[in-house]
Amino acid sequence: MTNQRSFKTRVRTRMEKTGESYTTARRHLINKATEPATEPSSAPAAAQTERIADDLIRTRTGRGWAEWFALLDAAAATERTHTQIARHLVTEHDVPGWWSQTITVGYEQARGLRAPGQQRDGGFSAAASRTVAVPAARLYEAFADETARARWLPDVQVRVRTTTAPRSFRADWAGGPTRIVVGFDAVGESKARVSVLHEKLTGAEQAAELKAYWRERLAALKALLESNGDNR
């Protein structure tokens with residue numbers, strides 16, 4: 001069961017309206033949140049190389065997927081841990097931290113070291129992203145500033161771990177043990193994309209719930225920031 005109170009409230013509201021059980025109401029909400037943007041929650045999670053276009057990787061890091069995979073193969077990256085691969089990309093190739101993680105996950109999936117949606121340690125994660133018509137700095141502020149965050153992400157305890165304005169935000173979630181890793185990427189002068197990775201989940205069911213939850217919350221964030229009611 002997800003820890004997010006707003007999701008539970010929506011489930012119970014549907015139960016009152018429809019007479020459905022908690023499990024049935026929850027399933028309908030999850031399925032609704034995942035359609036039609038991507039595959040249904042029962043479908044396999046998309047691989048990193050499918051989620052993130054080769055052109056975008058090349059623009060942000062100087063190389064495409066195949067080139068990065070060849071370099072990592074030459075560095076015997078399949079024998080390294082996730083942290084070691086990401087650190088190698090940062091120190092040896094000057095890849096920014098968020099993108100080093102992105103490339104590392106893509107490489108691990110491509111080489112069979114983890115399945116899409118699964119961590120190297122066997123755990124699971126949930127990912128969601130959204131493009132918003134505001135600069136990256138505004139998106140970053142919506143996460144990093146506690147007052148701004150409470151406007152679209154209420155009733156959740158977040159303990160900030162590290163931040164790099166306006167590029168990344170990391171925090172422990174709802175008292176742990178899960179955590180979020182958030183990246184912000186400019187899309188032109190007036191648009192930016194936020195990508196959330198929720199890590200250390202217990203299984204596929206929790207991953208599906210949190211994927212639906214984050215899509216809902218990022219949609220709320222987009223509506224807030226793009227509306228006239230966004231009072232900074």
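Note that these values count all heavy atoms, side chains included, but never hydrogens, waters or copies made by symmetry.
- When each of Arg60, Lys191, Arg193 is paired with Asp185, the salt bridge (charged side-chain N to carboxylate O under 4.0 Å, His left out) condition holds for Arg60 and for no other.
- A 4.5 Å side-chain heavy-atom check between Leu221 and Arg130 finds every atom pair outside the cut-off.
- Shortest non-hydrogen contact noted between Val90 and Gly97 is CG2-CA, 4.4 Å.
- Between Thr78 and Tyr107, some side-chain heavy-atom pair lies under the 4.5 Å cut-off.
- Contact check for Arg111 versus Asp73: side-chain heavy atoms found under the 4.5 Å cut-off.
- Looking at Gln109, its side chain does come within 3.5 Å of a backbone N or O of Gln48 through a donor-acceptor pair.
- Taking 4.5 Å as the limit, every side-chain heavy atom of Val158 sits out of range of all side-chain heavy atoms of Glu146.
- Ring pair Trp152/Phe143: centre-to-centre distance below 6.0 Å.
- Taken from CG in Leu89 to CD in Gln84, the straight-line distance is 12.0 Å, to the nearest 0.5 Å.
- Counting all heavy atoms, side chain and backbone alike, Pro135 lies closest to Ala192 at C-CB, 3.9 Å.
- With Trp98 contributing its side chain and Arg167 its backbone, the two residues share no donor-acceptor pair below 3.5 Å.
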### Query
So Tyr140 and Thr164, side-chain contact (heavy atoms from CB on, under 4.5 Å) or not? Walk me through it.
CA-CA 9 Å; Tyr140 169 83; Thr164 303; over 6 Å; no

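- Shown here for Ala126 and Ala207, the closest heavy-atom pair between the two residues is CB-O, 3.4 Å.
- Here the straight-line distance linking atom CG of Leu224 with atom CG of Leu153 works out to 11.5 Å at 0.5 Å rounding.
- The closest side-chain heavy-atom distance from Trp99 to Ile57 is below 4.5 Å.
- Hydrophobic cluster membership differs between Leu218 and Val187, with clusters built from Ile, Leu, Val, Met, Phe, Trp and Tyr side chains linked at under 4.5 angstrom.
- You'll find the side chain of His198 reaches within 4.5 Å of the side chain of Thr178, heavy atoms only.
- Hydrophobic clustering of Ile, Leu, Val, Met, Phe, Trp and Tyr side chains at less than 4.5 Å, counting indirect connections, keeps Val105 apart from Val181.
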#### Entry: Chi angles and distances behind the side-chain contact (heavy atoms from CB on, under 4.5 Å) call for His93, His88
CA-CA 7 Å; His93 299 287; His88 172 79; 3.6 Å; yes

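- Under the 3.5 Å distance criterion, the side-chain polar atoms of Gln101 are left unmatched by any main-chain donor or acceptor of Ala86.
- Nearest heavy atom pair, residue Asp54 against residue Ala66, reads OD1-N, 4.4 Å.
- The cluster map of Ile, Leu, Val, Met, Phe, Trp and Tyr, joined by side-chain heavy atoms under 4.5 Å apart, puts Val156 and Leu139 in the same cluster.
- Using a 30° and 60° split on the angle between ring planes, Trp214 and Trp173 fall in the tilted class, from 30° to 60°.
- Judged by distance alone, the side chain of Lys222 and the main-chain N or O of Thr131 form a donor-acceptor pair under 3.5 Å.
- From Thr163, atom OG1 reaches atom CG of Asp145 across 11.5 Å, with rounding to the nearest 0.5 Å.
- For the residue pair Ile85 and Ala77, the shortest heavy atom distance occurs at CD1-O, 3.4 Å.
- Under the 4.5 Å side-chain criterion, counting only non-hydrogen atoms from C-beta, Arg179 is not in contact with Ser125.
- If you take CZ on Phe184 and CZ on Arg138, they are separated by 13.0 Å, rounding to the nearest 0.5 Å.
- Gln206 places no side-chain N or O within 3.5 Å of a backbone atom of Leu201 that could act as its donor or acceptor partner.
- For the pair Arg58 and Glu67, the minimum side-chain heavy-atom distance is below 4.5 Å.
- Among all heavy-atom pairs drawn from Ile103 and Phe69, the shortest one is O-CE2, 4.4 Å.
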